[in-house]
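We name chains A, B, ... by the order of the sequence lines, and we start the count at 1 in each one. When reading the values below, keep in mind they use all heavy atoms of this one structure, side chains included, and skip hydrogens, waters and symmetry mates. Model, not experiment: these values are computed from the prediction.
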Amino acid sequence: MKNKQPSFYEEVKEGGISRKDFLKFCTTMAALLGLESSGIGQIVKALDSKPRLPVIWFHFQECTCCSESFIRASHPIVASIVLDKISLDYQETLMAASGYQAEEAYKAVMAKYPGEYIVMVEGSIPTENEAYCCIGGKSALQILQEAAKNAKAVVAWGNCASAGCVQAASPNPTGAQPVHKVISGKPIINVQGCPPIADVMAGVVVHLLTFDRIPQLDELGRPKAFYSRRVHDTCYRRANFDAGLFVESFDDEGAKRGYCLYKMGCKGPVTYNSCGIIKWNDGVSYPIQSGHPCIGCSEAGFWDNGPFYQHLPSIAGFGIETTADKIGVGLGVATAVGVAGHAIVTNIRKHREITNAPAAGSEIETPKES
Amino acid sequence: MRSRTLPMREVHVWELPVRLYHWINALCVTALCITGFLIGNPLAFMKGTEAYLNYWFGTVRFIHFVTAFLFFFNFIFRIYWGFVGNEFSRWYNFIPLKRCQWKEIINVIKVDVLQITNKQIDSIGHNSLASLIYFVTFLIFLLQCLTGFGMYAAMSNAFLPKLFAWVVPFLGGDMQVRQLHHILMWGFILFALVHVYLVFYHDYIERRGVTSSMIGGWKFIEEDVIERHENRSEDCPKD
Ligand code: HEM
Ligand code: HEM
Ligand code: SF4
Ligand code: SF4
């Protein structure tokens with residue numbers, strides 16, 4: 001450990017945050033991460049003694065909403081540390097340096113902390129033609145591969161870096177790929193959402209710092225602490241779902257009563273995120289609480305699973321509003337027509353057979369063709 | 001009175017377990033299609049009441065899940081019976097690996113689908129085309145169980161559903177699984193439409209008592225068909 005470097009807490013203190021606020025923050029983080037109460041002590045100890053993580057934060061094909069979310073965390077301590085001080089390292093949006101100096105800054109981090117620094121990525125990486133996203137004369141792919149080589153781990157912020165988001169939506173003109181498709185052999189944490197919830201982002205950073213290893217991930221690389229349950233499973237409108245009370249159109253009686261938004265196309269039943277628990281903007285609300293269905297922003301391919309206000313996606317190639325049910329009914333009618341036609345032909349044949357049958361009482365062979 | 005005597009014999013084609021399987025399956029599929037359709041398109045017949053007073057949608061889902069378990073185990077049982085049951089229920093009937101099975105498929109298409117000839121079909125159990133369709137249906141059963149239990153895994157800690165937890169990441173997300181599950185429902189509906197029609201059709205045309213064969217287990221088969229069946233070559237059970 002580099003003792004010359006100030007610890008995380010020392011940097012926080014410098015930023016004018018009291019010990020009390022710092023402890024409050026540690027407690028909140030322990031709760032968010034689902035730790036036992038002893039975990040609070042572990043977090044305090046880690047942040048008290050360890051220096052902040054060396055971070056290189058790249059922006060590729062993205063809208064910066066992840067950064068925006070991060071700096072609006074309800075407990076902005078992590079964000080302010082990672083982002084305020086990051087100008088020492090590398091963060092394209094916030095750093096003071098530019099041009100040559102900027103490039104030097106991130107190379108310095110790579111040289112100084114090999115195997116220790118964390119690469120954080122906002123945005124997807126174009127692969128159709130790498131030239132779609134170039135910084136300082138290098139393509140996003142080159143930059144990422146170079147930086148990831150000696151990184152301790154890669155954090156993929158948001159849907160872009162985790163699954164490609166809107167850039168990867170059909171027809172994906174730039175061949176946008178998420179981090180895990182272009183980097184291998186490194187632990188990658190997919191912090192899903194468009195953007196991810198600020199406190200979730202902070203929680204991931206605190207976890208990395210406290211435990212020196214990546215958090216437990218689900219099969220899609222998302223931290224289990226935040227993405228193991230569906231929005232639907234923690235939704236306060238769930239009782240209305242089970243009761244079969246649904247909003248039929250925005251501003252109807254059901255909407256006013258806070259019924260379930262399932263029929264308005266709510267993707268809560270297919271979306272893993274913590275919106276129902278942590279909520280947004282310092283726990284003020286989240287989309288469903290504000291009367292809008294979940295659009296499934298923390299799931300891969302959510303743009304292509306539209307329209308947003310329809311329960312199931314339309315089927316590609318059949319027009320915008322064509323669901324499986326419409327096609328099914330069409331096929332059902334076609335089948336019924338086919339069956340009816342077949343039945344008519346059968347009866348014509350059968351009639352011939354009966355009229356040709358020998359007289360009653362005689363023995364016959366089953367009709368056979370030569 | 002018109003009546004006639006035909007050189008026929010009764011053959012025990014469907015043993016009791018196959019018949020039980022069939023009707024349990026038919027009931028399950030019907031219940032699963034109705035409840036599944038409701039899950040995808042819930043009726044809005046309630047308004048102006050409070051959630052704590054009602055649970056109808058929860059009940060619909062509950063019926064779907066209970067029936068799903070029954071459907072699943074019944075299906076597993078049928079696969080087992082495909083290895084121990086009588087010759088008409090064995091697995092090799094369903095997978096056309098032999099030339100004579102393909103020949104029969106073409107014949108059935110000519111005789112029963114296009115109705116361009118009147119040739120007699122020699123099969124005693126399922127004919128080869130029907131068997132092939134049942135095989136495809138079994139694959140749909142399997143996919144429906146995979147996608148269904150894949151979704152169910154997210155809301156259960158039980159051993160069986162957890163075995164299917166890989167399905168969702170494999171298909172990329174719950175939405176994709178749900179969509180596929182919903183599309184497959186239409187496979188069941190279309191199959192059932194055609195299947196029931198064809199059972200009636202065969203009974204009407206062949207008068208071998210195929211409908212009641214799934215109830216009583218016996219079919220009327222012409223003597224000459226049985227003779228040919230008994231003298232068939234070893235490598236081709238359905239010649
Ligand atoms: C004949 C077989 C089946 C049919 C026709 C069927 C049909 C359906 C349909 C149409 C849906 C609604 C999908 C949507 O639009 O959201 C559904 C949902 C579902 N089905 Fe099935 N299903 C079948 C078997 C199964 C099986 C074997 C399982 C295994 C447990 C299963 C589990 C589920 C689950 C978990 C849901 C989602 C319910 C929810 O979360 O509200 N299904 N099914
Ligand atoms: C009124 C409704 C129904 C009747 C009268 C009926 C009758 C029959 C009959 C007579 C057979 C044997 C036909 C043959 O030899 O090819 C059969 C087989 C079969 N039926 Fe049905 N069926 C009905 C509904 C259904 C439904 C709803 C399903 C489910 C999707 C279904 C699935 C099957 C399957 C899988 C077989 C193959 C049986 C085996 O060997 O395991 N049936 N059915
Ligand atoms: S509003 Fe959405 S997430 Fe909430 S219970 Fe209804 S379907 Fe589920
Ligand atoms: S409610 Fe759904 S769409 Fe909205 S932020 Fe949460 S996960 Fe994203």
Side-chain angles (χ1 to χ4, degrees), chain A residues 218-220 229-230 233 237 239-246 248 253-254 257 259-260 262-263 267 269-272 296 299-302 305 311-313 315 323-325 327-329 331-332 335-336 338-339 342-343 345-346 349-350 353 357-369, chain B residues 1-8 37 40-61 113 115 117-120 151 154-155 165-166 168-170 172-179 182-183 185-186 189-190 193-194 197-198 200-201 204-206 222 224:
Chain A
D218 72 5
E219 296 292 317
L220 295 168
R229 280 187 290 174
R230 299 173 303 167
D233 296 328
R237 298 196 186 209
N240 293 281
F241 173 85
D242 289 327
L245 295 168
F246 301 106
E248 294 289 316
E253 173 67 16
R257 283 176 169 262
Y259 287 174
C260 167
Y262 187 71
K263 294 185 79 174
K267 304 294 186 291
V270 291
T271 304
Y272 295 76
E299 292 292 318
F302 80 103
N305 287 338
H311 169 58
L312 286 181
I315 294 179
T323 56
D325 285 342
I327 296 172
V329 169
L331 287 176
T335 310
V339 162
H342 192 269
V345 175
T346 304
R349 188 166 69 135
K350 178 87 177 171
E353 221 173 278
S362 62
E363 263 200 23
I364 55 157
E365 290 256 303
T366 20
K368 243 192 302 182
E369 216 188 42
Chain B
M1 185 179 85
R2 279 164 70 99
S3 77
R4 52 191 188 178
T5 309
L6 296 173
M8 284 199 169
F37 194 84
N41 312 271
L43 298 172
F45 58 78
M46 287 205 312
K47 287 246 153 34
T49 165
E50 289 305 324
Y52 75 93
L53 294 168
N54 307 283
Y55 197 71
W56 82 262
F57 201 57
T59 307
V60 168
R61 292 173 67 244
V113 183
Q115 308 202 2
T117 105
N118 258 339
K119 209 169 144 196
Q120 182 175 339
M151 282 189 281
M155 37 181 139
W166 56 272
V168 168
F170 179 76
D174 270 61
M175 195 56 176
Q176 285 76 355
V177 177
R178 227 180 150 103
Q179 172 84 331
H182 196 110
I183 291 171
M185 173 186 69
W186 284 100
I189 295 174
L190 296 182
L193 262 174
V194 176
Y197 167 71
L198 283 181
F200 292 175
Y201 161 84
Y204 189 52
I205 287 296
E206 293 170 350
E222 299 80 0
D224 56 330

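Residues passing the side chain to side chain donor-acceptor pair (under 3.5 Å) test with Asp174(B), sequence neighbours excluded: Tyr272(A). Residues meeting the side chain to side chain donor-acceptor pair (under 3.5 Å) test with Asn54(B), sequence neighbours left out: Thr49(B).
For Phe37(B), the part lying under 4.5 angstrom from a heavy atom of chain A is the side chain only. Met155(B) touches chain A through its side chain: at least one heavy atom from C-beta onward sits under 4.5 Å away, while N, CA, C and O do not. Interface residue Thr346(A): backbone and side-chain heavy atoms are both found under 4.5 Å from chain B. Contact annotation for Ile205(B): both backbone and side-chain heavy atoms come within less than 4.5 Å of a heavy atom of chain A. If you measure heavy-atom distances from Leu43(B) to chain A, the contacts under 4.5 Å come from the backbone alone. Within the 4.5 angstrom heavy-atom criterion, no atom of Val60(B) approaches chain A.
A donor-acceptor contact closer than 3.5 angstrom links the side chains of Asp325(A) and His182(B).
Judged by distance alone, the side chain of Lys263(A) and the main-chain N or O of Pro42(B) form a donor-acceptor pair under 3.5 Å. Panel note: side chain Tyr259(A), backbone Ala51(B); no donor-acceptor pair is recorded below 3.5 Å. Side-chain atoms of Gln179(B) come within 3.5 Å of backbone atoms of Pro313(A) as a donor-acceptor pair (strictly under, hydrogens ignored).
When each of Trp56(B), Tyr55(B), Phe57(B) is checked for a ring pair (Phe, Tyr, Trp, His ring centres under 6.0 Å) with Phe241(A), only Phe57(B) meets the rule.
Scanning all heavy atoms of the two residues, the minimum distance from His311(A) to Gly40(B) falls at CD2-O, 3.4 Å. Gln176(B) and Ala300(A) make their closest contact through NE2-O, 3.9 Å (heavy atoms, listed as atom of the first residue, atom of the second, distance). When all heavy atoms of Gly173(B) and Glu299(A) are compared, the closest pair comes out as CA-OE1, 4.0 Å.
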